[in-house]
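Okay, so here's the structure we're looking at.
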Amino acid sequence: MGKKYWLIKSEPDVFGFDDLENCENQTEHWDGIRNCQARNFMRDEMQQGDVAIFYHSNAGPEVGAVGLATVASEKAYPDPTQFDPKSNYHDAKSTKENPRWLMVDFKWAKAFKRLVTLKEMKGSPELTEMLVVQRGQRLSIQPVEKAHFKAVCKMGGLAVKDLKEFGI
DNA sequence: GCCAACGTTGGC
DNA sequence: GCCAACGTTGGC
């Protein structure tokens, strides 16, 4: 089964690309996803080794794609924050027997040479169909077509040889 | 800080 | 199962 390509959003003030790089093993579990569609992507479609564009949302002029991360867990597994009453992500209706919310691990992979702003993506004729540039698109985990993925990587200054290891 | 777009909740 | 009200996301 081939790799799939994704875009994951995070607010840099909360957890940015640099924060992922500074994690132990440059890996962190992607907790706090509380959207069914995003959850289903993790549960049903993500596989270890899949590649994701790391996107900074809510970042003023810095809104955009900053680099790549890979799926580092074998599959999605229960997000523990849903069981923690003190967590912002607590879900009283979820049970350990039947957890509602799942997460995967992401590993920092490669930084773009330069930020690819949302504005640039919106201005790129190649990317008019990409989900992230669509008006009102709020999904925090999005599938990305390979051609779009490649185009964004190029805009980010990655060389063709840099992309080989990600199957692009 | 504003507000459009969207998802979720809950009454019926 | 509909849909109004509400809360959240996220660009600007």
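Per chain, numbering begins at 1; letters A, B, ... match sequence-line order.
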Rounded to whole Å, CG of A/Asn35 lies from C1' of C/dG10 at a distance of 14 Å
Can you label the angle between the A/Trp30 ring and the A/Phe15 ring as parallel, tilted or perpendicular, going by 30° and 60°?
-> perpendicular
Could you please name the option among C/dT9, B/dT8, C/dG11 that lies closest to any side-chain atom of A/Val63?
-> C/dG11
Distance-only side-chain donor-acceptor flag, A/Tyr77 / A/Asp105, under 3.5 Å | yes
Please state how far atom CD in A/Gln134 lies from atom P in C/dG10, giving the value in whole angstrom units.
-> 15 Å
If only side-chain N and O atoms of A/Lys9 are considered, is one of them under 4.0 Å from the OP1 or OP2 phosphate oxygen of C/dT9?
-> no
Are any of A/Tyr89's side-chain N or O atoms less than 4.0 Å away from OP1 or OP2 of C/dT8?
-> no
Compare side-chain N and O positions of A/Arg135 against OP1 and OP2 of B/dA5 and report whether any pair is under 4.0 Å apart.
-> yes
Could you tell me the separation between the CZ atom of A/Arg34 and the P atom of B/dC6, rounded to a whole number of Å?
-> 23 Å
Distance, rounded to the nearest Å, where A/Lys122 contributes NZ and C/dG10 contributes P = 13 Å
Quick one: does NZ or CZ of A/Lys3 land under 6.0 Å from the six-membered ring centre of A/Phe166, within 45 degrees of the ring axis?
-> no
Between atom CG in A/Asn58 and atom P in C/dC12, what is the gap in whole Å?
-> 11 Å
Give A/Lys119 one of three labels, base, sugar-phosphate or nothing, depending on what nucleic acid heavy atoms sit under 4.0 Å from its own.
-> nothing
With distance as the sole criterion, is a donor-acceptor pair present between the side chains of A/Thr81 and A/Arg34 under 3.5 Å?
-> yes
Has A/Lys93 got a side-chain N or O lying under 4.0 Å from the OP1 or OP2 atom of B/dT8?
-> no
